[in-house]
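Given the structure is predicted, the values throughout are model-derived calculations rather than measurements.
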Amino acid sequence: MSTIESSVSSILLDRVAEWLTNSSLAGDELENIVRGFCERLTAAGLPLARVHLSFSMLHPLYDALSFTWRRASGVTIEGFRMPAGQKPDRFLQSPYYYLLDNNLQHIRRRLIQEGPNEFPIFEDLRKDSITDYLAFVQPFGDGSVQGMMGSWSTDHNTGFSDDMIDALLRMQNHLAVAAKMAVLGKLANNMLTTYLGGDAGKRVLNGQIRRGDGETIRAALVMGDMRESTMYAEKEGRQAYIDTLNQFFDAIAAPFNRNGGEILSFLGDGFLAVYPCGRHKDPSKIACEAALSAVHQAQARVAELNRDREQKGLTRIGYGIGLHVGNVMFGNVGLKDRLTFSAFGSAVNEVQRLQILTKKYGREVVASQAFAGYCGGEWTTLGEEKLRGIRQKVTVLQPRAPAPAINVDESFREAVQNGLSEAEQVILLHRDAKNQVKRTSMEKFIQ
């Protein structure tokens, strides 16, 4: 790299700090803040070749989110999940662990191209012609479990000058403030999405937070339930039963969280999913067909799960699914200061009772006449039932043809084999759009 002046413009750095403030106020995503920050620092004259930033997160699927920016290729992203009770050797041998173990805020090392490496990561950095490395730890406040760890690297032939280090430490504090705001915003969104679902979470964030807030919508409804759960709980014990229940939900419920569908709530060992649609024939047909397609995928996934369980000497999991379409009330109910956001009304009660009828008829899937009529295809009438609270009898049907052969996606097969949920697989595979060379999440986290 060519020789450059070691002085850094305070005026340009002030502009970067101003940009960070405006980005925070605008509620920018953490990824956009990291990318824009790194690009602006280099534009201001700092000879950064590589920046690594890791943020601890309160999230059900991962413990940290890691960003690696390279001057030549941009940003890569990685979700990280620490194995329970484990600290891998590579983490124990990393500069970050050295900082934490010695209660240090910074560690700087000049890298020479030959000789032993103090930390394994330095071997990779030397291959990229890195000459100087500065790592840091930045808590988000006293007593907070959230914070930022990171490193600045340059390939400038003389490394970082004192002016450059002073500039980086100064900008580090501005970045921490902006990152904390973005992390807190992401935290709110994560929690609402995790516990309420995507659409309901957005409605709450947009202000539907009072009892009675909501609307009446039309939707295809899916109610699923695990069979003989009480027997599982008594036979397997608490933790084994919870593991079984999560395996069941990963298999049967996940398909209903795609293609316009959303899991609204988990009810013990069951779930309620909705496919919102317009009030006319064509939107209702599209919603019902999407729900039935998800049923077929769910059946294939449960069959895959049961084959795996049988190979391990475990009991097969049974289930029942009810399908219906109708108008539901979608919004907040409960106490003034303790609410739940879900779907309610006659149609929800009907789909729940249809699901219960799978036990009576010994079928895995049953549907109302209204649902089957929108889907088309061949259906077998099982009977007419008087549902509690409903004046007219309801015609109960089942798909006449068996579920079509479906190739279960590889991510689910991997999840069954290694014990990770499908959602965890997705997070751990969350990389940049350019699909650069894959590396383990631990390696990403500790650089």
Side-chain angles (χ1 to χ4, degrees), residues 59-63 79-84 190-191 193-198 200-201 222-233 235-275 290-323 355 358 364-365 403 405-430 441:
H59 192 283
L61 300 181
Y62 51 90
D63 299 319
F80 168 74
R81 187 183 186 211
M82 177 74 80
N190 288 344
M191 292 301 100
T193 300
T194 299
Y195 288 98
L196 297 182
V222 182
M223 180 75 76
D225 187 72
M226 178 177 166
R227 294 291 175 254
E228 299 181 337
S229 58
T230 302
M231 180 273 291
Y232 282 116
K235 179 181 177 181
E236 299 184 4
R238 180 181 63 85
Q239 189 57 53
Y241 169 63
I242 291 175
D243 293 341
T244 297
L245 192 58
N246 283 329
Q247 288 180 357
F248 170 69
F249 283 141
D250 277 335
I252 198 169
F256 301 103
N257 226 23
R258 309 167 180 165
N259 301 324
E262 181 175 349
I263 302 291
L264 275 189
S265 57
F266 292 97
L267 314 168
D269 56 2
F271 67 91
L272 170 65
V274 297
Y275 287 76
L292 185 60
S293 176
V295 167
H296 294 152
Q297 182 67 38
Q299 290 180 288
R301 291 160 65 98
V302 174
E304 180 79 17
L305 173 62
N306 280 330
R307 281 191 289 271
D308 181 76
R309 288 178 63 84
E310 286 181 333
Q311 291 175 1
K312 296 176 180 177
L314 300 174
T315 307
R316 292 176 61 87
I317 298 176
Y319 62 93
I321 296 176
L323 302 169
Q355 179 274 128
T358 60
E364 292 178 343
V365 181
I406 293 178
N407 292 325
V408 178
D409 46 289
E410 288 302 320
S411 64
F412 176 68
R413 283 202 174 94
E414 292 175 6
V416 169
Q417 292 169 4
N418 64 23
L420 293 179
S421 72
E422 182 187 67
E424 289 167 333
Q425 289 283 328
V426 171
I427 286 295
L428 294 177
L429 292 175
H430 178 50
S441 58

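- One finds the CG atom of Asp225 at 9.0 Å from the CZ atom of Phe271 (value rounded to the nearest 0.5 Å).
- The salt bridge (charged side-chain N to carboxylate O under 4.0 Å, His left out) test applied to Asp269 returns no partner, not counting sequence neighbours.
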Practice task
Check the pair Val222, Leu323 against side-chain contact (heavy atoms from CB on, under 4.5 Å), reporting the backbone distance first and the verdict last.
Solution key: CA-CA 5 Å; Val222 182; Leu323 302 169; 3.7 Å; yes
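- Here Ile317 contributes atom CD1 and Arg309 contributes atom CZ; the two are 4.0 Å apart, rounded to the nearest 0.5 Å.
- Listed here is the closest heavy atom pair of Tyr275 and Pro255: OH-O, 3.8 Å.
- The 12-atom threshold is not exceeded at CG of Asn259, counting heavy atoms of other residues, nucleotides or ligands nearer than 6.0 Å.
- Remark: the Gln297 side chain and the Arg258 side chain contain no N/O donor-acceptor pair separated by less than 3.5 Å.
- The ring pair (Phe, Tyr, Trp, His ring centres under 6.0 Å) check on Tyr319 picks up nothing, with sequence neighbours excluded.
- Here the shortest heavy-atom pairing between Phe256 and Ala273 reads CB-CB, 3.8 Å.
- A distance of 9.5 Å separates OH in Tyr241 from CZ in Phe248, rounded to the nearest 0.5 Å.
- Gln299 has its side chain within reach of Val365: a pair of non-hydrogen atoms, C-beta onward, lies under 4.5 Å apart.
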Exercise for the section: Apply side-chain contact (heavy atoms from CB on, under 4.5 Å) to Thr358 and Arg227, showing your working. Expected result: CA-CA 10 Å; Thr358 60; Arg227 294 291 175 254; 2.3 Å; yes
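- For Glu310, the salt bridge (charged side-chain N to carboxylate O under 4.0 Å, His left out) partners at least two apart in sequence or on another chain are Arg316.
- Rounded to the nearest 0.5 angstrom, Ile321 CD1 and Gln355 CD are separated by 9.0 Å.
- Between the side chain of Arg301 and the main chain of Ile252, no donor-acceptor pair closer than 3.5 Å is present.
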Problem - side-chain contact (heavy atoms from CB on, under 4.5 Å) between Asp308 and Gln247, intermediate numbers included - result: CA-CA 11 Å; Asp308 181 76; Gln247 288 180 357; over 6 Å; no
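- Atom CE of residue Met226 and atom CG of residue Leu245 lie 6.0 Å apart, to the nearest 0.5 angstrom.
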